[in-house]
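Naming convention: chains lettered A, B, ... in sequence-line order (proteins, then strands); numbering from 1 in each chain.
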Amino acid sequence: MSVVVRFAPSPTGYLHIGSARTALFNWLFARHYQGKMLLRIEDTDRARSTQEAVEAIYKGLEWLEIGWDETPVHQFDRLERHVEIANELLKKGMAYYCYCSPEELETMREEARAKGLPPRYNGKWRDRSPEEAPKGIDPVVRFKSPQTGDTVIHDLVQGEVRVSHQQLDDMILLRADGTPTFNLSVVVDDHDMGITHIIRGDDHLTNMFRQFNIFKAMEWAIPHYAHIPLIHGPDGAKLSKRHGALGVEAYRDMGFLPEAIRNYLLRLGWSHGDEEIISTKDAIQWFDLDHVGKSPARFDFVKLTNLNGHYLREADNERLVTLVIPFIESKYGISVNTEARDLLRRGMTGLKQRAKTLIELAENSLFYIVPQPLDEAAQKILNEEGLQILKVMGSRLPCFPETSWTEVGLEDYIRQIAEERELKLTKATQPLRAALTGKTVSPSVFDIMHVLGKDKTLERLYAVLKGK
RNA sequence: GUCCCCAUCGUCUAGAGGCCUAGGAUACUGCCCUUUCACGGCAAUGACGCGGGUUCGAAUCCCGCUGGGGACGCCA
């Protein structure tokens with residue numbers, strides 16, 4: 001039997017990072033077994049579902065380069081089928097009408113709570129005859145959960161999980177307005193979609209038992225379950241939307257690369273020995289449920305940032321240019337023309353080694369596009385002594401042939417000048433760096449001079465000398 | 001409150017009874033490399049929550065405690 005998994009987010013906000021990890025695990029699992037990953041939008045809550053949120057899910061997955069198979073299923077479209085199954089359960093005597101009002105249920109829960117019992121529906125209408133039904137009240141349909149014994153399920157991550165049936169109340173299948181609820185819809189869809197493995201967040205663990213019983217009542221094949229632990233915030237609490245969990249687009253805007261996010265998320269709860277840097281290819285080859293940990297992990301920006309730095313260094317220069325330009329344009333209000341773009345492209349090898357995010361890369365790239373004012377440290381470097389050396393450079397560099405104007409050629413030449421004057425090389429390079437970039441920290445000055453070219457280099461140099 | 005789950009360096013984790021005087025990654029500190037900064041290299045600090053068992057032997061198995069988390073909706 002081939003593997004079919006699904007990612008089933010509800011479109012009530014953005015695609016948050018915990019959901020992204022669930023999607024990633026499903027995707028890797030499907031790819032590993034050469035199965036399918038289907039996408040199902042759980043939009044049955046009409047009040048909270050929005051089209052924007054649906055778009056955000058698609059966009060988020062696309063950005064993360066997590067693809068899905070087949071056309072996404074919109075759960076709401078399948079409403080009639082869900083109702084059909086509810087009616088079938090009714091006919092089988094595995095479900096019944098309940099006429100309790102929401103207020104009545106609230107009191108019921110409070111009373112149970114007061115007695116130290118679990119706040120559950122007490123089964124009031126479970127065995128009553130329909131004749132007792134009050135007039136003018138639209139009933140809900142409830143599932144007849146087993147009342148004695150217990151259910152043991154072997155979860156692929158959690159191991160054996162056992163729940164006493166006393167813990168299970170008769171859940172609502174159909175609301176008073178006739179629409180199906182989550183637990184029903186999920187089971188019907190999972191069955192109809194031929195889902196073999198359900199990989200989802202730990203917070204659904206208790207739903208597993210409710211859903212399991214519907215599968216049994218319908219005599220449908222029961223899928224395998226794998227409940228992966230949740231991601232926690234730095235404070236150790238669930239990283240939920242309410243706690244300000246961020247959508248994937250926020251991570252994109254913070255300058256993270258999708259491959260870095262994927263690698264980071266993968267290592268949050270899954271491991272392969274001591275491997276840390278894991279390519280997608282290896283991830284697909286290695287991924288399994290056996291090595292998913294059972295304890296929740298805290299989200300750590302610092303480690304993500306480190307990983308991002310790694311992938312930034314490895315990334316293709318042209319790609320980084322394309323990625324960084326929007327950051328430059330939006331954050332600094334500078335428009336990047338083709339000439340500037342070319343400088344960025346040629347300077348990228350030196351730039352990318354020194355940035356951990358695209359935001360940092362944008363900031364560090366600025367000097368290539370627009371000459372930058374001298375910052376405080378650069379001013380200090382260009383004191384009397386510094387200016388003196390700069391002047392020397394200003395007079396010597398024009399004589400240096402254009403054909404030798406390369407990183408190596410320039411280094412040799414400037415080393416030579418420094419030696420002549422019995423200066424440490426840094427005494428020569430720091431004033432140059434300050435004049436060329438406005439800063440005391442940058443890529444190699446020889447690299448920068450080469451990228452800028454002779455004309456631009458001298459232009460910048462003279463501009464600083466003139467300004468002093 | 002009831003039920004369920006979890007528990008190794010600050011954080012992410014390796015560890016499936018002897019390979020563990022507990023390994024890797026990250027962060028922090030120091031040193032080296034070096035035109036600055038990063039990268040890289042080396043080193044140092046740093047953990048099996050507690051208490052009982054089982055066993056010749058426990059981070060690993062069992063029980064209890066403590067701590068953390070999750071679920072208890074006509075939300076998904």
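- In this structure B/A25 sits in a base pair with B/U11, meeting the Watson-Crick or G-U test at under 3.5 Å.
- One distance of note links CG of A/Asn213 with CE of A/Met94; it measures 8.5 Å at 0.5 Å rounding.
- Rounded to whole angstrom, the span from the CD atom of A/Glu160 across to the C1' atom of B/C6 amounts to 17 Å.
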(Q) How would you summarise protein contacts on nucleotides 22-40 of chain B per nucleotide, using B for base, S for sugar-phosphate only and - for none, with heavy-atom distances below 4.0 Å? (A) -BBBSS-------BBBBSS
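- B/A22 and B/C33 have their P atoms separated by 32 Å, given to the nearest Å.
- Of the nucleotides present, B/A71 is the one that pairs with B/U2 by Watson-Crick or G-U wobble criteria, both distances under 3.5 Å.
- Mapping A/Ala297 and A/Leu105 onto RNA chain B via the closest heavy atom, the residue that lands nearer the 5' end is A/Ala297.
- In the set B/C3, B/A76, B/G70, B/C3 carries the atom at the smallest distance from any side-chain atom of A/Gln167.
- A/Glu103 has its side chain out of reach of A/Glu106: every pair of non-hydrogen atoms, C-beta onward, lies at least 4.5 Å apart.
- Among the atoms of the strands shown, base atoms are found under 4.0 Å from some heavy atom of A/Asn207.
- Between the side chains of A/Arg78 and A/Gln75, no donor-acceptor pair of N or O atoms lies under 3.5 Å.
- If you take CD of A/Glu111 and C1' of B/U2, they are 17 Å apart, rounded to a whole angstrom.
- Across all strands shown, A/Leu230 has heavy atoms under 4.0 Å from sugar-phosphate atoms exclusively, and none from any base.
- Under the ring pair (Phe, Tyr, Trp, His ring centres under 6.0 Å) criterion, A/Tyr413 pairs with A/Phe400, sequence neighbours left out.
- For the pair A/Arg46 and A/Phe76, the cation-pi test (distance below 6.0 Å, angle within 45°) is passed.
- One atom, CD of A/Gln158, and another, C1' of B/C3, lie 15 Å apart when rounded to the nearest Å.
- Using atom C1' as the reference point in both B/U60 and B/G23, the two lie 15 Å apart (nearest Å).
- The 12-atom threshold is exceeded at CZ of A/Phe212, counting heavy atoms of other residues, nucleotides or ligands nearer than 6.0 Å.
- Across B/A58 and B/G67, the matching C1' atoms stand 22 Å from one another, rounded to whole Å.
- Taking atom C1' on both B/G41 and B/G51, the two are 45 Å apart, rounded to the nearest angstrom.
- Regarding A/Leu168, its CG atom lies at a distance of 16 Å from the P atom of B/A71, rounded to whole Å.
- Using a 4.5 Å heavy-atom threshold, the side chains of A/Ile448 and A/Tyr368 count as touching.
- Partner assigned to B/U36 is none, using Watson-Crick or G-U wobble distances below 3.5 angstrom.
- Using a 4.0 Å heavy-atom criterion, one finds that A/Gly269 contacts the sugar-phosphate atoms exclusively.
- The distance from atom CG of A/Asp190 to atom P of B/A76 is 15 Å, rounded to the nearest whole Å.
- A/Thr44 comes within 4.0 angstrom of the backbone, heavy atoms only, and of no base.
- Taking the side chain as every heavy atom from C-beta outward, A/Cys100 and A/Met108 approach each other to under 4.5 Å.
- For the pair A/Lys294 and B/C6, the criterion of a side-chain N or O lying under 4.0 Å from OP1 or OP2 is met.
- Atom-to-atom, CZ of A/Phe299 to C1' of B/U13 comes out at 16 Å; the value is rounded to the nearest Å.
- Of all nucleotides present, none satisfies the Watson-Crick or G-U wobble test against B/U55 with each distance under 3.5 Å.
- Remark: the separation of the C1' atoms in B/G53 and B/A14 is 28 Å, to the nearest Å.
- Side-chain N/O atoms of A/Thr12 include none lying less than 4.0 angstrom from OP1 or OP2 on B/A76.
- The listed nucleotides are B/C12, B/A76, B/G15; the one nearest the side chain of A/His291 is B/G15.
- B/C42: Watson-Crick or G-U partner is B/G30, with both key distances under 3.5 Å.
- Look at the P atom in both B/U2 and B/C65: the space between them is 13 Å, to the nearest Å.
- For the C1' atoms, the distance from B/A59 to B/C19 is 14 Å, rounded to whole Å.
- If you measure from atom CG of A/Asp169 to atom P of B/G1, you get 20 Å, rounded to the nearest angstrom.
- Counting any heavy atom pair closer than 4.0 Å across all strands shown, A/His204 reaches a base atom.
- Between the side chains of A/Asn183 and A/Thr181, not a single donor N or O lies within less than 3.5 Å of an accepting N or O.
- For the P atom pair drawn from B/C28 and B/G40, the interatomic distance equals 13 Å after rounding to whole Å.
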(Q) Please evaluate residues A/Asn207 and A/Phe182 with respect to the criterion side-chain contact (heavy atoms from CB on, under 4.5 Å), reporting the C-alpha separation (whole Å), side-chain torsions for both, the decisive distance (0.1 Å), and the verdict. (A) CA-CA 10 Å; A/Asn207 287 323; A/Phe182 167 75; 3.7 Å; yes
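- B/G64 is paired with B/C50 under the criterion used here, namely a Watson-Crick or G-U wobble arrangement in which both key atom distances are under 3.5 Å.
- Residues A/Ser164 and A/Ile172 both approach RNA chain B. Their nearest nucleotides, taken by heavy-atom distance, put A/Ser164 toward the 5′ side.
- Rounded to a whole Å, the CG atom of A/Asp288 is 15 Å from the P atom of B/A16.
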